[in-house]
> 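Dropping a structure here in structure tokens format, bear with me for questions.
These numbers come from the heavy atoms of this one structure, side chains and all, not from hydrogens, waters or symmetry mates. Whatever order the structure lists ligands and atoms in, that order sets their numbers, starting from 1.
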Amino acid sequence: MGFNVAIDGPAGAGKSTIAKLVAKETGFIYVDTGAMYRALAVHFINEGLDGEDVSAIETACEGASVSIRYEDGIQKVFLNGKDVSTLIRQENVGNMASKSSTVPKVREKLLELQRNLAIKEDVIMDGRDIGTNILPQAEVKIYLTASVSTRAKRRFDELMEKGISCNYDEIYHDIEDRDFRDMNRETAPLKQAEDAILIDSSNLTIEEVVCEILKYIKKCRN
Ligand code: DC
């Protein structure tokens, strides 16, 4: 078993930014599990499915295969052999993933892929149920959060910087909806593992959060 670091938390808390930096410092492999749910969501969108139609999603699962490859240390995600790493970042894909990830069959499909990665390698894996469900034995567990307004502002700034027109209130409500779905679904809801450290990044810089996590990893490895 590799050394496992689990980072869970709501959308927009900065998990992937932080996890990538921690991975760089430690030499661990960064595993973005949200990308896997997003890849399946692309399949459901391509099939023209409604995110609430559980039985259609279950049936469509049969025709989808998700795989991960690392190119120059960067995770690439493939849907039925096609690289969808860029496509999965669209807002509609995130919204579908938030709905389709509530379906137990969708979660089952990705469970082994996630666990197998952590068996072979030292990983820092981010998601919603990593510390509670996927890697309950992880040596380090972090629950990274921030207020809804902080997360909405960060997302708004990010989109504006990319020249994508957007509306702050819409983003705010989107985040609230996503939090509700992620935290209240029946299977593996987002919650802080009992043995996870809580970090609220609302008033912290990226460097401060990274530093705190690195300190904790060091302590747990010694
Ligand atoms: O982290 P993200 O925004 O890329 O994730 C997209 C959606 O996938 C998110 O709304 C919930 C779901 N997800 C999940 O249920 N479990 C995970 N481990 C990762 C993501």
> If you measure from each non-hydrogen atom of Met96 to ligand 1, which part falls under 4.0 Å: side chain, backbone, both or neither?
neither
> So, 4.0 Å and heavy atoms of Arg185: is ligand 1 close enough to count as a contact?
yes
> Looking at Glu208, Arg151, Arg154, which hits side chain to side chain donor-acceptor pair (under 3.5 Å) with Ser201?
Arg154
> Tell me the closest heavy-atom pair linking Pro10 and Leu144, and the distance in Å.
CD-O, 3.4 Å
> With backbone taken as N, CA, C and O and side chain as the heavy atoms from C-beta onward, which portion of Arg178 lies under 4.0 Å from ligand 1: side chain, backbone, both, or neither?
side chain
> Considering non-hydrogen atoms of the protein only, which is the closest contact for atom 19 (C) of ligand 1, and what is the distance?
Thr33 OG1, 3.4 Å
> Once you restrict to heavy atoms under 4.0 Å, what part of Asp182 touches ligand 1? Side chain, backbone, both or neither.
side chain
> Students should be able to answer this: which protein heavy-atom is nearest to atom 4 (O) of ligand 1, and at what distance?
Arg38 NE, 2.7 Å
> Indicate whether any N or O donor in one side chain lies under 3.5 Å from an N or O acceptor in the other, for Arg107 and Thr187.
no
> Around atom 8 (O) of ligand 1, find the nearest protein heavy atom and jot down its residue, atom name and distance.
Tyr37 CB, 3.6 Å
> Could you list the atoms of ligand 1 found under 4.0 angstrom from a heavy atom of Asp129?
18 (N)
> Can you find a heavy atom in the side chain of Arg221 that is under 4.5 Å from one in the side chain of Asp122?
yes
> What protein heavy atom is closest to atom 12 (C) of ligand 1, reported as residue, atom name and distance in Å?
Ser101 OG, 3.5 Å
> Parallel, tilted or perpendicular for Phe3 and Phe28, by the 30°/60° rule?
tilted
> Write out the residue and atom name of the closest protein heavy atom to atom 7 (C) of ligand 1, then the distance separating them to 0.1 Å.
Ala97 CB, 3.8 Å
> Counting each atom of ligand 1 from 1 as listed, which ones have a heavy atom of Gly34 under 4.0 Å away?
4 (O), 5 (O), 19 (C), 20 (C)
> What distance do Leu110 atom CG and Asp129 atom CG have between them, rounded to the nearest 0.5 Å?
10.0 Å
> Students should be able to answer this: which protein heavy-atom is nearest to atom 9 (C) of ligand 1, and at what distance?
Arg128 NH2, 3.3 Å
> Nearest 0.5 Å, what's the CD-CG distance between Glu139 and Asp195?
11.0 Å
> When you measure from atom 16 (N) of ligand 1 to every protein heavy atom, which one gives the shortest distance, and what is it?
Arg107 NH2, 3.0 Å
> Gly127 heavy atoms, cut-off 4.0 Å: which ligand 1 atoms fall inside?
17 (C), 18 (N), 19 (C)
> Rounded to the nearest 0.5 Å, what's the gap from CE on Met96 to CD1 on Ile88? Could you check?
15.0 Å
> Find the distance between OG (Ser100) and CZ (Arg38) and round it off to the nearest 0.5 Å.
10.5 Å
